[in-house]
2 protein chains.
Amino acid sequence: MAIPRAAKTQRRTRIQEEKEELILEAALDVFSVNGFRGSTIDEIAEAAGMSKPNLLYYFRTKEAIHRHLIDRVLTTWLEPLRAFDAEGSPESEIRSYIRRKLEMARDFPRESRLFANEVLQGAPHIEDELKGPLKQLVDEKAEVIRGWARSGKIAKCDPYHLIFSIWSTTQHYADFDVQVRAVLGQDMSGEGRFDDAARFLEQIFMDGLKIRS
Amino acid sequence: MAIPRAAKTQRRTRIQEEKEELILEAALDVFSVNGFRGSTIDEIAEAAGMSKPNLLYYFRTKEAIHRHLIDRVLTTWLEPLRAFDAEGSPESEIRSYIRRKLEMARDFPRESRLFANEVLQGAPHIEDELKGPLKQLVDEKAEVIRGWARSGKIAKCDPYHLIFSIWSTTQHYADFDVQVRAVLGQDMSGEGRFDDAARFLEQIFMDGLKIRS
DNA sequence: CGATAATTTGACCGGTTGGTAAAACCTTAC
DNA sequence: GTAAGGTTTTACCAACCGGTCAAATTATCG
């Protein structure tokens with residue numbers, strides 16, 4: 001008798017590990033483009049190179065796959081913000097935060113789009129995480145920024161909207177990639193636009209925050 | 001014999017005008033949340049308070065409704081950028097561009113999300129518009145900005161990425177509304193956050209571009 | 001009014017959806 | 001080898017999908 005999804009043995013077999021990873025990879029492709037409702041299990045199964053019932057042997061429902069992906073993204077996604085260090089200098093911290101977020105937009109655009117799709121559609125699966133852990137983390141870092149402003153290290157500004165603006169400008173290059181490419185033309189379809197973006201964003205934020213380098 | 005969709009009379013009847021508007025309104029609600037593939041005709045029909053065949057009497061296909069909405073949004077959406085005037089001062093032009101885009105995010109969040117969903121999902125229905133009219137318009141305005149930079153009115157910067165950053169920061173308040181609200185907490189769930197955002201963005205862009213006010 | 005055209009409805013269609021059942025097929029450990 | 005458990009497949013289901021059709025209903029206008 002087959003009791004799936006490692007219910008019995010606790011320890012997952014080699015095949016389980018491989019196939020689950022395969023499925024998640026395929027699901028990331030599909031979900032990040034079509035969103036949860038717009039994606040089908042058949043599509044994911046085909047992308048993963050297996051039959052639908054076989055896929056459903058590893059993940060009981062479509063939601064389970066999505067949930068798994070979202071959870072994974074949520075943790076890695078906030079890593080750069082977590083690394084934001086109160087002890088560091090405003091210049092290096094903000095500059096490297098921008099750079100890291102931009103690198104993630106370049107290297108993990110699917111993850112960015114998965115998240116964007118979810119939030120755009122009202123965040124039905126992650127509202128609690130947004131109001132809980134995310135808000136808490138942002139509150140904490142906002143306080144750091146506010147401290148820098150109070151001590152005159154950076155210009156006075158609303159720390160929350162500063163964080164929002166860094167999020168939006170950097171993620172834009174992943175989420176609106178098609179538009180960015182269309183506007184820049186095919187000459188800039190290489191990865192050069194990320195370097196240009198980094199230069200621009202660092203300049204505008206540094207000067208905008210009156211940080212002398 | 002009923003030849004629908006104003007094929008015969010050219011002049012649309014009162015009922016046609018009303019119902020079509022009703023459908024588009026309902027469809028905007030649905031499409032802007034779920035994207036094209038994630039939305040169903042049944043859902044739109046119910047939201048519009050009519051039966052599915054009745055809805056399909058006014059719009060032959062699901063795509064026709066979506067197409068209609070996208071077309072409408074595309075024209076009104078770029079209005080602020082079109083208004084960008086080469087003769088005006090950099091300060092007033094950029095400042096009012098930011099303000100107008102932010103007002104649109106506040107007043108027409110569904111339109112913003114419809115567009116975001118479309119682009120996020122690879123812009124399958126509007127790729128031509130992006131590469132054609134949109135690129136052309138941006139190219140034109142980028143040249144204006146480049147001129148300002150050359151003549152020393154604003155700091156030297158990449159005009160394309162400047163436009164991208166204004167788009168992303170302002171639309172963020174519509175597209176990621178749920179996240180913004182979650183992070184700011186319910187105290188800021190009123191419309192005050194838009195004023196704060198306007199203050200922040202005008203500050204950062206003005207100082208970032210070294211524009212003396 | 002009556003007639004003509006515009007609108008609305010219910011029944012329906014083939015294909016797809018998320019998901020299940022059970023049997024067949026492999027792997028692994030003894 | 002063989003038996004137990006892990007994996008895959010085939011066949012299937014009810015609900016839903018986008019869309020059609022013809023008949024019924026309603027609005028318009030002379």
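Convention: sequence-line order gives letters A, B, ...; per-chain numbering from 1. This structure is a prediction, so every number in the text was calculated from the model and none was measured.
- In this structure, A:E18 places its CD atom 12 Å from P of C:dT27, rounding to the nearest Å.
- Listed by residue number, the members of residues 30-43 of chain A with any heavy atom below 4.0 angstrom from DNA chain C are A:S39, A:T40, A:I41, A:D42.
- Legend: residues meeting salt bridge (charged side-chain N to carboxylate O under 4.0 Å, His left out) with A:D107, ordered by chain and number and at least two apart, are absent.
- For B:L56 and C:dT7, the CG to P distance is 15 Å, given to the nearest whole Å.
- The residues A:E127 and B:R181 are annotated as not salt-bridged, no charged nitrogen and carboxylate oxygen being separated by less than 4.0 angstrom.
- Heavy-atom distances under 4.0 Å link DNA chain D to A:S51, A:P53, A:N54 of residues 44-54 of chain A, given in residue order.
- Applying the 4.0 Å criterion to OP1 and OP2 of C:dA6, one finds that B:Y58 has every side-chain N and O outside that range.
- Sorted by first and then second residue, the side-chain hydrogen bond (donor to acceptor under 3.5 Å, both in side chains) pairs involving residues 93-102 of chain A (not counting sequence neighbours) are A:E91-A:R95, A:R95-A:E202, A:Y97-A:W167, A:R99-A:E202.
- Using a cut-off of 4.0 Å between Lys/Arg side-chain N and Asp/Glu carboxylate O, B:R199 and A:D158 are scored as not salt-bridged.
- The distance from atom CG of B:L55 to atom P of C:dT7 is 14 Å, rounded to the nearest whole Å.
- Close to C:dT8, at under 4.0 Å from its OP1 or OP2, lies a side-chain N or O of B:K19.
- Using a 4.0 Å cut-off, some side-chain N or O of A:Q16 falls inside it from OP1 or OP2 of D:dT7.
- Annotation: side chain to side chain contact (heavy atoms under 4.5 Å, CB included) contacts of A:R146 (sequence neighbours excluded): A:E143, A:R150, A:P159, A:Y160.
- Ionic pairing of A:E118 and A:R113 is not present here: no N-O contact between side-chain nitrogen and carboxylate oxygen is shorter than 4.0 angstrom.
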CA sep, side-chain torsions, deciding dist, call: B:F115, B:L74, side-chain contact (heavy atoms from CB on, under 4.5 Å): CA-CA 8 Å; B:F115 187 76; B:L74 268 181; 3.7 Å; yes
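- Taking the side chain to side chain contact (heavy atoms under 4.5 Å, CB included) definition, one finds that A:A27 meets it with A:F31, A:I44, A:I65, A:L69, sequence neighbours left out.
- Between A:H161 and B:Y173, the ring-plane angle classifies as tilted under the 30° and 60° cut-offs.
- OP1 or OP2 of C:dT7 has at least one side-chain nitrogen or oxygen of B:Y57 nearer than 4.0 Å.
- Per the geometry, CZ belonging to B:F59 stands 16 Å off P belonging to D:dG18, to the nearest Å.
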